[in-house]
Amino acid sequence: MKNIRKILCAVLALAMLFSLAACGSGDQPSDNSQPPAGNSQPADNKGNNNQGGSTGGETVTLNWAIWDKDSTAYWTALADGYMKTHENVKIEMTDLGSNDYMTQLATQLSGGNGELDVLSIKDIPGYANLINLEMLEPLNDVLTTPKESFNGVLEQLTDEGGKFYGIPFRSDFWVVFYNKDLFDAAGVAYPTNDMTLDDYDALMRQMTSGSGAEKVYGGHYHTWRSAVSLFGILDGKQTIVDGTYDFLKPIYERVLKQQADGVVMDYGELKTANLHYSAAFQNGTAAMVNMGSWFLATMQQYNANAAGEGYEPVNFGMVKYPHPDGSPAGSTLGTVTSLGVNKNSANKEAAFDFVNWCASAEGAAVVASTGTFPAVSTSETMDIIAATDGFPADDASKEALTTSAVYLEMPLSNKASEIETVLNTEHDAIMTGAESVDEGIANMNEQVQAILNG
């Protein structure tokens, strides 16, 4: 049926055609960074009057800090789209590169530098740092899109003083990808858009079959911590930054039992072999994989290249993320890319207007047109994404694009980087059996509380 051994040992390079990576330049998100919201239509943007806010008829030049301009389609698309309807605004981009972008941005803003007006915010630790350095303008009073359109994300970007300094314009959120042909061959009904964690476990076990090189695993967890432990925050009651992690025990126990029963591949073997989730799914080793929405573009490109490369395309579909009992379908994980305004900008009003436009229905449509998921989704943006070449031809996959609640992989915390280091270390120890679940969680509790109290 397929030569799994041969292909699994080759880690496929992921060319992200639609820039669906969590940080805009690759498909692997950092665990401290990654959601379309519901279908509510944003309020009309105050700047859609060709005046760029209240700038009168004078020409205003906005300097926009970004990364990887040449390989990320939505930067230019947004700038061009805005300037088309705001003829007195010129947008220039300053590309700081993706490596250490947030550090480079803070350096650029140091000393009260007001040359940059609009600031792209790449990750939560960098966002927290800019807030601590008082480099960002609060946006509570200027946001024109209804807060509820962001499905709770803005609340997770809000500091202890009740202010948020970034407005999301693009996102990635987690779903389940599944191989339709494997389900058909097993005579098992496809996954649905309303699976509990128990349902997901049962379906994994039902889809596990065979042995050796022909074995099909019912599910697959990549080696990122986010792929396993963050099931624990989907009830909206827990957070990974408060220093108490006992709620993760049943999550780890479930996944370790799946691993011991051969329902998913062994974490230690995956780490040792450096096997990628794309290989496991594309070559039929795994019937399902939980992964971020950026994987859609990877699969579309993989299938588009199949004929020319001499391999079989994958007949795949998508459904919403599995959720805990009592939580609504569509509860999922996410990362976002936000826009902020330099506190020392001389063009704040025009900058506010541009940021609002990027998060509006009009801006969201532009983001979707590049194959990227906007932070605020509408029926129009869903139609745009679903119309891209290679999108699964079933209603359930399109429905999977809507979410009910999105929980950031790392919410706002000025200790995010330090906390992340501890959690990743203990995750590795638990998953490899170097520590028991109880030992690992006890270490998380002790070490993160020390960070928070330090």
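Numbers for residues simply follow the sequence, beginning at 1.
Side-chain contact of Thr388 with Gln300: a donor-acceptor pair under 3.5 Å is present, judged by distance alone. Side-chain atoms of His222 and Asn290 form no donor-acceptor pair, as typed in the model, at a separation below 3.5 Å.
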Checklist entry - Between Asp141 and Lys163, does a salt bridge (charged side-chain N to carboxylate O under 4.0 Å, His left out) hold up when you go through it step by step? => result CA-CA 9 Å; Asp141 296 333; Lys163 297 180 179 179; over 6 Å; no
Item to check | Worked verdict on Glu115 versus Thr94 for side-chain contact (heavy atoms from CB on, under 4.5 Å) | outcome: CA-CA 10 Å; Glu115 292 183 4; Thr94 296; over 6 Å; no
Item to check | Lys257 and Asp201: CA distance, side-chain angles, deciding distance, salt bridge (charged side-chain N to carboxylate O under 4.0 Å, His left out) verdict | outcome: CA-CA 10 Å; Lys257 181 69 163 57; Asp201 178 84; over 6 Å; no
Item to check | Residue pair Tyr221, Tyr267: steps toward the ring pair (Phe, Tyr, Trp, His ring centres under 6.0 Å) verdict | outcome: CA-CA 8 Å; Tyr221 297 116; Tyr267 176 91; over 10 Å; no
Next on the checklist: Working note: Met93 + Thr76, criterion side-chain contact (heavy atoms from CB on, under 4.5 Å); need CA distance, chi angles, decisive distance, verdict.
Outcome noted: CA-CA 9 Å; Met93 287 176 267; Thr76 298; 3.9 Å; yes
Checklist entry - Run the side-chain contact (heavy atoms from CB on, under 4.5 Å) check on Leu157 and Leu412 step by step: do they pass? => result CA-CA 6 Å; Leu157 296 175; Leu412 179 59; 5.6 Å; no
Next on the checklist: Under the criterion side-chain contact (heavy atoms from CB on, under 4.5 Å), I'd like the reasoning laid out for Leu401 against Ser377: C-alpha separation, chi angles, the key distance, then a yes or no.
Outcome noted: CA-CA 9 Å; Leu401 302 183; Ser377 73; over 6 Å; no
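Counting heavy atoms from C-beta on, the side chains of Ile240 and Met410 come closer than 4.5 Å. Annotation: side chain of Thr285 is not in contact with side chain of His220 (no heavy-atom distance under 4.5 Å). Two residues are said to be in side-chain contact when any heavy atoms from C-beta on lie closer than 4.5 Å; Leu143 and Asn356 meet this criterion. Residues Asn342 and Asn113 have side chains not in contact (no heavy-atom distance under 4.5 Å, counting atoms from C-beta outward). Taking 4.5 Å as the limit, every side-chain heavy atom of Trp67 sits out of range of all side-chain heavy atoms of Gln104. With contacts defined as side-chain heavy-atom distances shorter than 4.5 Å, the pair Lys343/Tyr165 does not qualify. In this structure, the side chains of Phe150 and Val336 stay at 4.5 Å or more apart for every pair of heavy atoms. The side-chain heavy atoms of Asn344 and Met135, taken from C-beta on, include no pair separated by under 4.5 Å.
When atom types are taken as modelled, the side chain of Asp194 and the backbone of Ala329 share no donor-acceptor pair closer than 3.5 angstrom. In this structure, the side chain of Ser345 engages the main chain of Asn347 through a donor-acceptor pair within 3.5 Å. A donor-acceptor pair under 3.5 Å is formed between the side chain of Lys215 and the backbone N or O of Gly262. Within the 3.5 Å criterion, the main-chain N or O of Asp68 finds a donor-acceptor partner in the side chain of Asp95. A donor-acceptor contact shorter than 3.5 Å is absent between the side chain of Lys180 and the backbone of Tyr190. Judged by distance alone, with hydrogens and angles left aside, the side-chain atoms of Ser120 form a donor-acceptor pair with the main-chain N or O of Ala65 at under 3.5 Å. Side chain of Tyr252 to backbone of Gly440: no donor-acceptor contact under 3.5 angstrom is found. At distances below 3.5 Å, at least one donor-acceptor pair connects side-chain atoms of Asn179 with backbone N or O atoms of Leu182. At least one donor-acceptor pair under 3.5 Å links the side chain of Gln156 to the backbone N or O of Val406. Of the possible polar contacts, one joining the Glu439 side chain to the Ser436 backbone as a donor-acceptor pair under 3.5 Å is found.
Across Tyr302 and Asn283, no two heavy atoms sit closer than the pair OH-OD1, 4.0 Å. Taking each heavy atom of Thr239 and Pro411 in turn, the nearest pair found is OG1-CG, 3.7 Å. Across all their heavy atoms, Val319 and Thr192 have their closest contact at CB-O, 3.4 Å. Contact record, Ser413 with Ile124: N-CG2, 4.2 Å, taken as the closest heavy-atom pair. Between Thr208 and Gly218, the shortest heavy-atom distance links the atoms OG1-N, 3.0 Å. Taking both residues in full, the closest heavy atoms of Val376 and Ala364 are given as O-CB, 3.3 Å, listed atom of the first, atom of the second, then distance.
Using bins of under 30°, 30° to 60° and over 60° for the plane-to-plane angle, the ring pair Trp75/Phe169 lands in the tilted bin. Using a 30° and 60° split on the angle between ring planes, Phe373 and Phe173 fall in the perpendicular class, above 60°. Ring pair Phe281/Phe316 is perpendicular by interplanar angle, where above 60° counts as perpendicular and below 30° as parallel.
Under the rule for a side-chain contact (heavy atoms from CB on, under 4.5 Å), the partners of Ser397 that lie at least two apart in sequence or sit in another chain are Met318, Phe391, Pro392, Asp394. Lys398 meets the salt bridge (charged side-chain N to carboxylate O under 4.0 Å, His left out) test with Asp383; sequence neighbours excluded.
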For a quick test of your reading: what N or O donor-acceptor pairs under 3.5 Å do the side chains of residues 446-454 make, sequence neighbours left out?
{"from": "Gln449", "atom 1": "NE2", "to": "Gly243", "atom 2": "O", "distance (Å)": "2.8"}
{"from": "Asn453", "atom 1": "ND2", "to": "Gln449", "atom 2": "O", "distance (Å)": "3.0"}

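Taking CG of Asn151 as the start and OH of Tyr407 as the end, the distance is 9.5 Å to the nearest 0.5 Å. For the atom pair CD of Glu426 and CG of Leu248, the computed distance is 11.5 Å after rounding to the nearest 0.5 Å. Taken to the nearest 0.5 Å, the CG atom of Leu119 stands 11.0 Å off from the CD atom of Glu137. To the nearest 0.5 Å, the span separating OG on Ser338 from CG on Leu154 amounts to 8.0 Å.
Centroid-to-centroid, the aromatic rings of Tyr277 and Trp224 come within less than 6.0 Å. Aromatic rings from His427 and Tyr245 are positioned such that their centres are separated by 6.0 Å or more.
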